[in-house]
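We're numbering straight along the sequence, starting at 1.
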Amino acid sequence: MRNRLKFAAILLALTLVAAACGNDDDGGASSPEPVPAPTEAPTQAPAPEPDPTEAPTVAPTPAPEPAEAPSVALVVNQRAGDLGPIDDLVRGLERVEADFGADTTFIEATDPSTFETTLRNLANQGTDIIAVTFPPMQEAVTAVAPDFPDTRWIHVFGFEGGVDNLVSVGFDYYKGTYLAGILAGALSTSGTVGFVGGVSIPPLNADYNAFVAAAQTQDPDITGEAAFADSFEDPAKGRELGAALYDGGVEIIMTDAAATDLGVIQAAEEKGGYVIGGSENYFDSPAVIASVLLYWAQVLYDQVEHALSDNYTPGYVGAGVAEGGVDIVINPDFLANGPAEMVDIINATLDEIDEARSRITAGSLEVPFDPEL
């Protein structure tokens, strides 16, 4: 039976082949083509199951093009090496280079006649961010910045200039010298507190006036005596002015003169006087009771970071006592090794200083800005 079925299947296949081939053009019957033997499809090995312990193979994604490093310039109107604000700003610029990968430039422009040209040259080179220092550069930066709207400008210790691409940072340093005046007034036995500034300009005049006003909260009869060196870079002049004040009976001098401060400190050591330092801690000297610090490096770093961000907003930025940009710091070495009677007075005055700081921050204590001598 099985053989008959097999034979019938072969016969049917031959009949179908013959019908499909048909006749030749000459009417002769064509011979059927031989039927090829069926072939089996090649056996394909199944794909291996993925190993769950191995990371899947992913086609590599081309690395993105590296972002171009931002260019940041710092132009200062005083020389480096002042052991004060300029050196601290340089440290801030170094942090900018390290943390943001910035291409940085540092320029000392000590001749006012070169301010505007220096800024224009930097902007023409396509510098992304240009920071300048102190009130003497105000006129130059507000003149140049509008001509280069793609450059973002920072004026450290400046005033709001109404320029769309300029951030001016004001320290309200006089509120810090007010805190120093509380301490100086508590310590003074002569009834006179001294002040040595770099140049008599409105901000420094206000620093002196706030210092004396606070000293008078301790004793209304206290008077102040100010001297200005006409330079922020003349320790010899600072020593001369400091010596004259100490010889005149002043015990404590507040300094506000950058590198010139060093001469005042030297005079204090020679004359047996004391110093509350300005803007930099000179705590290696036994004559330095405290310093009113300005955090220059941090302010520069923060403003460059702001200028690099999508949230950049021009205008005036306060960096005073309330914002943490200015504060009085007591010399820990003086507390440990200074005259016992002075240390006792300092410790007894710290709460009053803390209260004044808190009230300045809250706005309930308004320290007047008095720029007149």
Side-chain angles (χ1 to χ4, degrees), residues 66-82 84-171 198-199 201 203 232-233 258-259 279 294-317 319 325:
E68 186 176 352
S71 52
V72 180
L74 172 63
V75 183
V76 300
N77 62 313
Q78 296 171 196
R79 289 184 178 85
D82 63 346
I86 303 303
D87 286 355
D88 206 24
L89 286 166
V90 170
R91 287 190 286 271
L93 189 66
E94 291 169 350
R95 287 181 55 199
V96 164
E97 181 178 13
D99 290 359
F100 303 133
D103 180 9
T104 59
T105 301
F106 173 70
I107 296 176
E108 294 177 346
T110 57
D111 181 353
S113 68
T114 68
F115 289 171
E116 187 168 331
T117 301
T118 300
L119 299 185
R120 287 192 182 278
N121 287 342
L122 284 168
N124 277 319
Q125 293 166 15
T127 307
D128 297 312
I129 300 169
I130 301 175
V132 305
T133 57
F134 308 145
M137 298 197 76
Q138 177 78 19
E139 184 177 348
V141 71
T142 54
V144 176
D147 296 338
F148 299 91
D150 293 334
T151 298
R152 292 181 174 180
W153 302 78
I154 301 166
H155 189 183
V156 179
F157 216 155
F159 305 95
E160 186 172 8
V163 181
D164 289 341
N165 54 336
L166 171 66
V167 171
S168 293
V169 184
F171 283 98
V199 178
I201 54 177
F232 292 94
E233 304 168 86
S279 80
L294 284 171
Y295 298 101
W296 303 97
Q298 188 62 48
V299 165
L300 177 64
Y301 183 94
D302 289 345
Q303 290 309 315
V304 170
E305 184 175 37
H306 174 234
L308 291 171
S309 76
D310 294 334
N311 298 320
Y312 171 77
T313 305
Y316 179 82
V317 176

Can you measure from [atom1] ([X]) to [atom2] ([Y]) and round to the nearest 0.5 angstrom?
X: L166; Y: Y316; atom1: CG; atom2: OH; answer: 12.5 Å
X: L300; Y: R95; atom1: CG; atom2: CZ; answer: 9.5 Å
X: D103; Y: E97; atom1: CG; atom2: CD; answer: 8.0 Å
X: R91; Y: I86; atom1: CZ; atom2: CD1; answer: 11.0 Å
X: L122; Y: T151; atom1: CG; atom2: OG1; answer: 9.0 Å
X: E116; Y: M137; atom1: CD; atom2: CE; answer: 10.5 Å

Spell out, as yes or no, whether a donor-acceptor pair under 3.5 Å connects the side chain of [X] to the backbone of [Y].
X: Q78; Y: E233; answer: no
X: S168; Y: F159; answer: yes
X: T104; Y: V72; answer: no
X: N165; Y: A145; answer: yes

Listed by chain and number, what are the side-chain hydrogen bond (donor to acceptor under 3.5 Å, both in side chains) partners of [X], not counting sequence neighbours?
X: T127; value: none
X: D87; value: none
X: D99; value: Y301
X: T133; value: N77

Mind checking whether [X] and [Y] have side chains closer than 4.5 Å, heavy atoms only?
X: F134; Y: P85; value: yes
X: N124; Y: F148; value: yes
X: W153; Y: V163; value: no
X: D82; Y: F232; value: no

Checklist entry - If every non-hydrogen atom of I130 is compared with every non-hydrogen atom of A123, which pair is closest and at what distance? => result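 Nearest pair, atom of I130 first, then A123: CD1-N, 3.8 Å.
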
Next on the checklist: If I compare all heavy atoms of G101 with all of P70, which pair ends up nearest, and what's the gap?
Outcome noted: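 Reported closest heavy-atom pair: O-CD, 4.2 Å.
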
Item to check | side-chain contact (heavy atoms from CB on, under 4.5 Å) assessment of V76 paired with F106 | outcome: CA-CA 8 Å; V76 300; F106 173 70; 3.7 Å; yes

Checklist entry - Looking at residues at least two apart in the chain, or sitting in another chain, which of them share a ring pair (Phe, Tyr, Trp, His ring centres under 6.0 Å) with F157? => result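 Once residues adjacent in sequence are excluded, the partners of F157 under the ring pair (Phe, Tyr, Trp, His ring centres under 6.0 Å) criterion are F171.
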
Item to check | Within 6.0 Å of CG in D111, more than 12 heavy atoms from elsewhere | outcome: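 For D111, atom CG is crowded (more than 12 foreign heavy atoms under 6.0 Å).
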
Next on the checklist: Under the side chain to side chain donor-acceptor pair (under 3.5 Å) definition, can you give me all pairs with a residue in residues 302-314, not counting sequence neighbours?
Outcome noted: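 Listed by first then second residue: Q298-D302.
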
